[in-house]
Amino acid sequence: MTRLDVENLWVKFPTRNGIFDAVRGVSFSLGEERLGIVGESGSGKSMTGRAILRLIRKPGQVTANHISLDGEDLLKLSERKMRSVRGQHISMIMQDPKFSLNPVMTVGEQMMESYTLQVKGPRFQAKDKVLEMLDAVAIRDPGRVFNAYPHELSGGMGQRVMIAMMLIPDPDILIADEPTSALDVSVQMQVLNILDKLVRDRGMGLIFISHDLNLVSSFCDRVLIMYAGRIVEACAADKLHEAKHPYTQGLLKSLPRLDSPQERLEVLDRDPAWAETDSVSGVT
Amino acid sequence: MSGIILEKLNVWFDTPETRVDAVKNVSLRVEQGESVGLVGESGSGKSTILRALTGLVPTWSGAMEVAGEKLGRQRSRHFYKKVQMVFQDPYASLHPRHSVDQVLSETLRLHGFNEIDRRISNLLTDVGLGPSFRFRYPHQLSGGQRQRVAIARALAPEPEILLLDEPTSALDVSVQAEILNLLVDLRQEHHLTYLMVSHDLAVVGHMCQQIAVMQLGEIVEIMPVAEMRELKPKHSYSRHLLESSLGYKRADD
Ligand SMILES: Nc1ncnc2c1ncn2[C@@H]1O[C@H](COP(=O)(O)OP(=O)(O)OP(=O)(O)O)[C@@H](O)[C@H]1O
Ligand SMILES: Nc1ncnc2c1ncn2[C@@H]1O[C@H](COP(=O)(O)OP(=O)(O)OP(=O)(O)O)[C@@H](O)[C@H]1O
Ligand SMILES: [Mg+2]
Ligand SMILES: [Mg+2]
């Protein structure tokens with residue numbers, strides 16, 4: 001069942017050299033599934049995620065035929081209604097976790113605030129609930145982290161705090177922008193397990209933006225590959241290694257490998273034509 | 001000559017509630033021209049070691065030596081000409097109101113370089129950013145573009161020693177390959193020394209001769225890269241880490 005449906009999404013920024021199109025006519029759908037997005041640095045992955053939540057900062061502009069959540073076009077909602085969508089239905093884990101946390105509030109204070117505001121749960125339960133969530137994302141010392149300020153956390157701890165925070169409202173859709181890039185592989189598996197469970201047990205839709213091709217291939221159901229603001233290929237995640245597009249093939253070839261040493265890593269020869277071909281549809 | 005020597009290094013943080021012992025009794029050597037990788041559990045003290053080396057954490061004991069210089073509490077400007085760091089969090093490490101051009105020209109000027117213009121455009125090309133990025137501000141850049149600006153800034157003073165904290169974590173693998181090739185070339189040409197933190201064991205394996213595995217503030221094992229490639233570590237945590245790196249397995253419950 002399709003929960004989110006995006007048709008012909010554009011994100012534009014006026015710059016001193018004219019309009020820059022960060023996202024150029026992207027269409028895709030999301031059901032109760034794990035949808036991976038991989039692609040070139042600067043290809044528009046984060047902007048796609050932010051555009052869905054209408055979080056593109058001025059002077060950026062977003063247009064689309066529609067961005068529908070369960071049939072309702074988010075582009076037509078008032079800002080007030082949109083805030084409740086952000087609070088209750090769609091959460092986003094931003095690429096810069098520490099930047100999205102309030103630097104002058106302890107982790108516990110901000111998580112409790114988010115809990116009482118969004119779940120409308122009683123305050124006396126909030127602390128227990130927050131400690132439980134920190135524990136669930138494999139924070140070793142939830143008591144200390146509860147009282148810590150964001151700058152006192154390691155990179156991966158900040159990332160996990162963000163993940164725990166975004167799961168508080170029990171969202172229908174989670175957009176996770178490189179959510180595990182600062183986690184060691186073992187903790188990463190534990191966190192992915194949580195996300196996986198939410199998709200399987202609660203029917204959450206997950207957009208998983210990542211540079212880790214092996215991870216996306218083993219964790220996700222489908223993958224969109226973005227290049228220069230467009231989707232150049234869409235495929236089943238477990239077929240990623242048989243990808244057809246030369247960009248995707250190039251990506252796979254430039255991976256360092258643990259099992260076989262290489263002198264030099266292969267680099268891509270980017271063909272200008274890749275940026276010219278129309279976007280592939282990611283709708284199912 | 002040795003690049004980096006750590007002898008019984010302890011680093012701690014005093015917070016109002018508790019004292020956090022972030023690094024415990026760590027000894028490590030990186031020979032000049034060599035690269036050592038630091039891997040391990042999130043929160044185990046990897047970034048703290050690099051930050052202590054660059055003088056960002058005053059509360060430490062033990063001994064640190066870099067490029068033949070014994071380190072005390074203060075770092076000289078000369079130190080930062082020799083030693084540069086790429087921070088884990090590229091957003092926090094770039095001033096929000098300084099353009100790419102300002103960031104790089106300031107660093108170059110501080111270290112007494114001339115031909116600033118030419119150097120900036122070379123640095124940007126080296127990290128795969130075209131001239132159109134030169135006058136952008138951090139908020140106008142994607143995550144990976146910001147990370148590349150941070151790398152360009154660290155390369156600008158032509159340091160002998162680079163402390164790299166997850167330098168390619170925000171890059172797609174094709175740009176990562178370009179940056180890693182660049183680092184390998186620089187190491188060869190100028191005999192540079194790298195201490196590199198990464199969660200990507202294949203990246204560490206590609207770049208480093210020795211890998212130190214950390215857990216709970218301690219180095220639990222230092223292994224040659226061949227041992228890691230053969231998945232034959234000695235310590236149980238290292239084994240666990242290597243096994244986890246083989247891909248996602250769905251929990252059956
Ligand atoms: N305010 C802005 N003005 C001009 N261009 C911008 C602005 N914000 C973002 N961009 C550009 O939009 C493009 C898409 O950015 P986006 O953050 O979506 O990339 P991304 O695919 O997430 O990349 P990464 O993997 O590096 O995070 C980038 O090339 C970026 O430079
Ligand atoms: N300023 C600080 N005040 C208090 N504790 C701190 C401070 N900075 C770091 N710590 C603590 O020190 C420990 C080690 O942190 P560090 O950033 O070195 O971990 P790391 O190995 O780099 O982890 P990651 O892989 O997640 O980045 C963590 O428990 C962290 O909470
Ligand atoms: Mg991004
Ligand atoms: Mg760190």
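Below, read A as the first sequence line, B as the second, and so on, with proteins coming before strands; counting in each chain starts at 1.
Looking at A/Glu266, the atoms closer than 4.5 Å to chain B (heavy atoms on both sides) all sit in the backbone: N, CA, C or O. B/Glu41 touches chain A through backbone and side chain together, each having a heavy atom under 4.5 Å away. Using a 4.5 Å cut-off between heavy atoms, B/Gln88 contacts chain A through its side chain alone, with no backbone atom that close. Residue A/Ile139: no heavy atom, backbone or side chain, is found under 4.5 Å from chain B. B/Glu166 touches chain A through its side chain: at least one heavy atom from C-beta onward sits under 4.5 Å away, while N, CA, C and O do not. Within the 4.5 angstrom heavy-atom criterion, only side-chain atoms of B/Tyr237, from C-beta onward, approach chain A. Contacts of A/Ser260 with chain B are made by backbone atoms alone, with heavy-atom separations under 4.5 Å and no side-chain atom involved. Contacts between B/Asp89 and chain A at a heavy-atom distance below 4.5 Å involve the side chain alone, from C-beta outward. Residue B/Asp200 does not touch chain A at all, counting heavy-atom pairs closer than 4.5 Å. Looking at A/Phe13, there are no atoms closer than 4.5 Å to chain B (heavy atoms on both sides), in backbone or side chain.
No side-chain N or O of A/Ser181 forms a donor-acceptor pair with one of A/His211 less than 3.5 Å apart. There is no side-chain donor-acceptor pair under 3.5 Å between B/Arg136 and B/Ser99. At a cut-off of 3.5 Å, with distance as the only test, no side-chain donor of B/Glu34 or B/Tyr194 sits close to an acceptor on the other residue. For the 3.5 Å distance criterion, the side chains of B/Ser47 and B/Asp165 qualify, holding a donor opposite an acceptor.
Options B/Ser142, B/Ser174, B/Gly144 differ in how many heavy-atom pairs under 4.5 Å they form with chain A, and the most are formed by B/Ser174. Your options are B/Val204, B/Leu171, B/Val175, and the one with the most heavy-atom pairs under 4.5 Å with chain A is B/Leu171. Of the listed residues A/Lys45, A/Met189, A/Met157, the one with more heavy-atom pairs under 4.5 angstrom with chain B than any other is A/Met189. The candidate from A/Leu268, A/Val187, A/Leu192, A/Leu255 with the greatest count of non-hydrogen atom pairs under 4.5 Å with chain B is A/Leu192. The candidate from A/Arg270, A/Gln95, A/Arg264, A/Gln159 with the greatest count of non-hydrogen atom pairs under 4.5 Å with chain B is A/Arg264. Listed options A/Glu178, A/Arg160, A/Gln262 were ranked by heavy-atom pairs under 4.5 angstrom with chain B; first place goes to A/Arg160. Contact tally against chain A (heavy-atom pairs below 4.5 Å) for B/Arg146, B/Glu230, B/Lys46: the top residue is B/Arg146. Among the candidates B/Ser245, B/Pro16, B/Gly205, the residue making the largest number of heavy-atom pairs closer than 4.5 Å to chain A is B/Ser245. Among A/Val267, A/Thr15, A/Asp96, the residue making the largest number of heavy-atom pairs under 4.5 Å with chain B is A/Asp96. Comparing B/Leu180, B/Leu216, B/Leu141, B/Val225 by how many heavy-atom pairs each has under 4.5 Å with chain A, the most go to B/Leu216. Per-residue counts of heavy-atom pairs under 4.5 Å with chain B were compared for A/Ser46, A/Ser154, A/Ala182; the largest is that of A/Ala182.
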| request: Decide salt bridge (Lys or Arg N to Asp or Glu O under 4.0 Å) for A/Arg222 and A/Glu33; before the verdict, give the C-alpha distance in whole Å, the side-chain angles of both, and the deciding distance to 0.1 Å. | output: CA-CA 8 Å; A/Arg222 279 195 302 142; A/Glu33 62 176 332; 2.9 Å; yes
| message | salt bridge (Lys or Arg N to Asp or Glu O under 4.0 Å), that's the test. Do B/Arg19 and B/Asp21 meet it? Break it down for me. | response | CA-CA 6 Å; B/Arg19 166 177 156 140; B/Asp21 290 297; 3.1 Å; yes
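Side chain of A/Asp271 to main chain of A/Ala273: a donor-acceptor pair is present (N/O by atom type, distance under 3.5 Å, no hydrogens or angles). Side-chain N or O atoms of B/Thr18 include none that pairs as donor or acceptor with a backbone N or O of B/Val20 at under 3.5 Å. The backbone N or O of B/Arg97 lies less than 3.5 Å from a partner atom in the side chain of B/His95, making a donor-acceptor pair. No side-chain donor-acceptor contact under 3.5 Å links A/Glu32 to the backbone of A/Met204.
Nearest heavy atom pair, residue A/Ser41 against residue B/Arg148, reads OG-NH2, 2.8 Å. The two residues B/Ser238 and B/Glu221 come nearest to each other via the heavy atoms OG-OE1, 2.8 Å.
Residues B/Arg134 and B/Asp117 are paired through a salt bridge, judged by an N-O separation under 4.0 Å between the basic side chain and the carboxylate.
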